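Everything below concerns the one structure shown next.
Keep in mind that what you see is a predicted model, and the values were worked out from it rather than measured. The chains referred to below are lettered A, B, ... by the order of the sequence lines, with proteins before strands, and numbering in each begins at 1. Both backbone and side-chain heavy atoms feed into the values below; hydrogens, waters and symmetry mates do not.
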Amino acid sequence: MEFLMNQWYVAAFAKDVTTKPIKQMIAGQSVVLYRTEEGYPCALDDRCPHRFAPLHKGQVVGSNIECPYHGLQFDGRSGLCVLSPHGDGKIPSTAKVRRYPLVERDGLIWIWPGNPALAAAEKVLDLTSFFDAENRSLIAGYYKLKAHVEVVLDNLMDLSHAPFLHPTTLANRDDVKGLRFEMLQEGDVVIANHWLKNVLVSPQFRPFWKFPTLDADGRANMRWNPPSNLQLDVGYTGIGNSSGGGVDLHFAHLLTPASDSETHYFWVSARNFAIGDEAVSEFMEGQVKQAFETEDEPMIEAVADYMGTPDLLSLNPVLLAGDAAAVRVRRVLQQLRQRECAHAQAA
Amino acid sequence: MEFLMNQWYVAAFAKDVTTKPIKQMIAGQSVVLYRTEEGYPCALDDRCPHRFAPLHKGQVVGSNIECPYHGLQFDGRSGLCVLSPHGDGKIPSTAKVRRYPLVERDGLIWIWPGNPALAAAEKVLDLTSFFDAENRSLIAGYYKLKAHVEVVLDNLMDLSHAPFLHPTTLANRDDVKGLRFEMLQEGDVVIANHWLKNVLVSPQFRPFWKFPTLDADGRANMRWNPPSNLQLDVGYTGIGNSSGGGVDLHFAHLLTPASDSETHYFWVSARNFAIGDEAVSEFMEGQVKQAFETEDEPMIEAVADYMGTPDLLSLNPVLLAGDAAAVRVRRVLQQLRQRECAHAQAA
Amino acid sequence: MEFLMNQWYVAAFAKDVTTKPIKQMIAGQSVVLYRTEEGYPCALDDRCPHRFAPLHKGQVVGSNIECPYHGLQFDGRSGLCVLSPHGDGKIPSTAKVRRYPLVERDGLIWIWPGNPALAAAEKVLDLTSFFDAENRSLIAGYYKLKAHVEVVLDNLMDLSHAPFLHPTTLANRDDVKGLRFEMLQEGDVVIANHWLKNVLVSPQFRPFWKFPTLDADGRANMRWNPPSNLQLDVGYTGIGNSSGGGVDLHFAHLLTPASDSETHYFWVSARNFAIGDEAVSEFMEGQVKQAFETEDEPMIEAVADYMGTPDLLSLNPVLLAGDAAAVRVRRVLQQLRQRECAHAQAA
């Protein structure tokens, strides 16, 4: 399944893009990311057009990156070779690398692997109010998954798996009894609401729960934005007390295909409790680590292995009501691919 | 080379099939093996038909296995989904997995990867009298080989390699001089008798040899039962004293193809000496370990690598007299494949 | 890109070919190398024609090699099976392995993977006067590279990379300013001269430099002999004092394709200073180790990975003046391949 190319994808956390270049595979392309000495982030094709050395092993000189093999320098804003240290210094006109449109926002570096003429900064997903960094405490992390991005989306759009896969962290086994699932679509955005009526607060929230008993009403409401950026609002309130005193997280799942079989998973979690408490940040990181590394990741990779193809629907799966949102996401992606393809042919 | 499917294959030792499920690749199929809480062994397709999670990572509930991803339960005797914990609990009629016919006998779990309608328990190879567990001491073990099952059969049906590959354990280098080889066929069973006239008792038997000198007559008689289960009677008697006082092993080599390039090797060795002596069992295990791990396994895998195909005869090998039984086994397998294919087309 | 086959390739250092056989992949073929008990080196196909065991795991018996699986013996000078220990000892006429023409000279074992009828010992590259072992001190070593041999040749024929890839060992970063490049062709031999005018002596030579300042004139002159054997004369003299008192190395780079993606790299370095000084030999080995293992090898393998094909020119690279020799070598190789192919068709 081809990837949507005319889209903004998270390529890195902004803090990791420095004057020490890094390489990142984005939708099958080898990209070097670096920050100029003046502080501007750049994204170029990592493969030098001279003898195909990896530019990310070179050094930053001003706003240029220098090839580690023969010292050619490429400008980060244009991709043009602007300096050859050899002989008379003449630069062949073909000496250039592809430049990727790039936006730095909300602590993230977004790049556009498709047609640069279509890249508009205002299409970058705005997470500022979702993170609400002034009123919430943020933690963040990264994993690489051995699965196609759509197989990871299947997992995230269906949270009915939580009582079974995460019974000691993100959910309780009995949550399944109190769960009501709702699927909505707004344009190309798909929303999967999981309402939890009269359940126990999940283990990760218990240390911060102020009500006299663990009985609560909960929610885990996921919003998928194309191509693969998800916003989860998860939390609990006292029973019948939906408006105040509850605990919640705004959790962004930002997925970027590396290749057909690998996916970058950037996550940011913004909590509304224990603001500024480092010990709580560590505890919450530990919860994510356990749930992800020992539960989600092995399951997603095992499923990807058993599927053998990223195309879930081609396998005629048995579908349950809770799969509706995951299937809808796959259908919208299929429509967007067709639209992108038609647009390319018309151009 | 395709595998025979309408056959019983050893899938596991019975002791290893418990209420903690295990996965086993059998003839290219992923099978979950478990024992119900009532004690019945079951074999199902390991791949959940809902979202393709590995069932063997789930838990046993009564006679069911529960999918670790979304909690669907499948009955071990029918493969049908019998419980969905979601919503109204309705179960789609397509929610089922393949069930494999299974027989537990002689401490082994046998399964039938082919057409279940043809699976008859009485066709399972009867090893009870061969093991003769009341009069012999048994040890057993397992290896996984990186080779096609037929390449392993080549090794086992030709024991003329023993003086060269196993000169300090299973044989003596000079055995080749006293060796007489005989090949017989009984229906679809191929027998390779290796008679050793006036040789030295092999190293593994020496500590248990009661005669005044090491001079002996020996035998290593191998009986191949389709598809890939072999019974070896190996032992020594005093010279000219063929009937009594000798030492011997009944050694079962039970091979099951995992895939085109991997083979399960289950073995059971039943000795007629030092009955019940644990120290001797350990010594005999050490002999198998040395002969197998340092001699047979590296050779079989090197040969498989150099062959590049499981089809020995397509490589126009130089054949010696001692290869007759291995070649005959390959020809019988070819006939059985043709018969199985013709049967399938007629059905 | 196919390899030239009717050529002499270095298969091993002579000291490493002993009565303990070794396996070497040469141009895609598995070769066993050993020395007979009489001291003659032999090269045979490593794959026994009986059951495809690896001969190199067997032992040498007189001038024969014995198969480790069934004890067949093959004569190292003819490749014929000359002994079967089984039954009546009859040897099938097809029991033979390919023998490779072989020459031992200058401490090297050369073999000819192509048509034996065309192998003439006098075509072996004569390195005796280049090594000049009576007047120079020699060190030698071996690496295996994960790259096609032509990608390694690209690296060696263009030394303009040295100031960038080896700025603390083999070169100085500023050398690029004093570098004059010259390409010559003599028949099928391609010469790449790199003249360094008024530079600093490179770090590896400094401890042995006798002039009052580090200012020097240098040279790094590479001579490529088909198929892939290179002689480098690298050294420095006092400025304007080209004839005497300088330091230099004669450095042989002897490349042999193992497969499409792996290359054997044998090297010998003969210095004209600190003759017989073991501590200096160790220092010089350390310089090669650093330059090769931490600089050239990772770069060559990264380039091979990014190229994805050994055919540089098919990738439309940006070419600089300094690439002329590497490109010329590729063109001569192409001509030699066509000549070899035409010769084979005419025969």
Exercise. Check whether Leu165(A) gets within reach of chain B through its side chain, its backbone, both or neither, counting any heavy atom under 4.5 Å.
Key: both
Quiz item: What part of Leu179(A) lies closer than 4.5 angstrom to a heavy atom of chain B: side chain, backbone, both or neither?
Solution: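 When you check distances to chain B, no heavy atom of Leu179(A) falls under 4.5 Å.
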Could you tell me which portion of [X] (side chain, backbone, both or neither) has an atom closer than 4.5 angstrom to a non-hydrogen atom of chain A?
X        : result
Asp88(B) : neither
Ile91(B) : neither
Pro92(B) : side chain

Does [X] come within less than 4.0 Å of [Y], counting only side-chain N to carboxylate O?
X         : Y         : answer
Glu186(A) : Arg328(A) : no
Arg173(A) : Glu66(B)  : yes
Arg77(B)  : Asp75(B)  : yes

Quiz item: Strictly under 6.0 Å, is that where the ring centroids of Phe266(B) and Tyr9(B) end up?
Solution: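 No: the rings miss the under 6.0 Å criterion.
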Exercise. Find the one option among Asp305(A), Asp158(A), Ile300(A) whose heavy-atom pairs under 4.5 Å with chain B are most numerous.
Key: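 Heavy-atom pair counts peak at Asp158(A).
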Self-check item: Derivation and outcome, side chain to side chain donor-acceptor pair (under 3.5 Å), residues His50(B) and Asp323(A)
Solution: CA-CA 10 Å; His50(B) 169 223; Asp323(A) 294 306; 2.6 Å; yes
Quiz item: Yes or no on salt bridge (Lys or Arg N to Asp or Glu O under 4.0 Å) for Asp45(B) and Arg99(B), after CA distance, side-chain angles and deciding distance?
Solution: CA-CA 6 Å; Asp45(B) 197 61; Arg99(B) 175 194 68 88; over 6 Å; no
Quiz item: Looking at Gly87(B), Gly58(B), Ala95(B), Pro68(B), which has the largest count of heavy-atom pairs under 4.5 Å with chain A?
Solution: Pro68(B)
